[in-house]
Amino acid sequence: MEHGQEHITVVDENGNEQLFEVLFTFESADFGKSYVLYFPVGAEEDEEGEIEIHASSFTENPESDDTTVGGGELRPVETDEEWDMIEEMLNTFLDEEEENEEL
């Protein structure tokens with residue numbers, strides 16, 4: 001996983017691989033971590049016009065040019081404080097996207 005990467009492959013607990021599109025990545029000085037927000041490639045909107053977005057922290061592996069998790073390591077978000085910060089970053093991102101669409 002690297003900043004600027006467009007897709008990642010995530011392997012679930014059963015060994016199944018799923019391709020995800022990266023929405024955006026960012027770093028948090030407060031938590032000393034990098035984060036990625038992503039959603040399944042080909043995901044369709046639900047009745048409310050929303051897509052389920054996943055979030056993880058990650059560590060980069062500069063030695064790898066792999067587009068899979070092997071290019072870095074995804075880790076679960078551990079605290080409510082991190083989730084609050086991620087939600088705030090997502091809302092800011094979505095607001096900026098909406099403003100750009102109106103131009």
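On a predicted model such as this, the values are computed, not experimentally measured, just so you know. Side chains included, hydrogens not; waters and symmetry mates left out as well; all remaining heavy atoms used. Each residue takes its place number in the sequence, starting with 1.
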Check your understanding: Which pair of heavy atoms, one from Pro40 and one from Phe20, lies closest together, and at what distance?
Key -> N-CD2, 3.3 Å
**Study point:** Note, Thr25 side chain near Phe58 side chain (heavy atom, < 4.5 Å)
**Key:** yes
Review point. Does the side chain of Glu82 come within less than 4.5 Å of Tyr35's, by heavy atoms?
Key: yes
Residues 46-54 side chain polar contacts: donor-acceptor under 3.5 Å, at least two apart:
from: Asp46; atom 1: OD1; to: Glu48; atom 2: N; distance (Å): 2.9
from: Asp46; atom 1: OD1; to: Gly49; atom 2: N; distance (Å): 3.2
from: Asp46; atom 1: OD1; to: Glu50; atom 2: N; distance (Å): 3.0

Check your understanding: Do Leu37 and Phe93 pass the side chain to side chain contact (heavy atoms under 4.5 Å, CB included) test, and can you show the C-alpha distance, the side-chain angles, and the key distance before you say yes or no?
Key -> CA-CA 11 Å; Leu37 280 79; Phe93 175 83; over 6 Å; no
Practice item. Could you tell me which non-hydrogen atom of Ser34 sits nearest to which non-hydrogen atom of Glu27, and how far apart they are? Key: OG-CG, 3.4 Å
**Study point:** Enclosure of Glu87 CD (heavy-atom neighbours >12, cutoff 6.0 Å)
**Key:** no
Exercise for review: Report yes if the side chains of His7 and Val41 come closer than 4.5 Å at any heavy-atom pair, otherwise no.
Suggested key: yes
Review point. What pairs with Glu78 under salt bridge (Lys or Arg N to Asp or Glu O under 4.0 Å), at least two apart in sequence or on another chain?
Key: Lys33
Check your understanding: Of Leu74, Asn16, Leu19, which is the lone residue that meets side-chain contact (heavy atoms from CB on, under 4.5 Å) with Val10?
Key -> Leu74
Review point. Tell me, do Glu6 and Val22 make a side-chain contact under 4.5 Å, heavy atoms counted?
Key: no
Review point. How many angstroms lie between CD in Glu88 and CG in Asn91, if you round to the nearest 0.5 Å?
Key: 8.0 Å
Practice item. Please identify each residue that fulfils side-chain hydrogen bond (donor to acceptor under 3.5 Å, both in side chains) with Ser57, with sequence neighbours left out. Key: none
Check your understanding: Taking atom CG of Leu90 and atom CG of Asp95, what is their separation to the nearest 0.5 Å?
Key -> 9.5 Å
Practice item. Find the distance between CG (Asp80) and CE (Met85) and round it off to the nearest 0.5 Å. Key: 12.5 Å
Exercise for review: Indicate the atoms forming the closest heavy-atom contact of Ala55 with Val77, along with that distance.
Suggested key: O-CG2, 3.8 Å
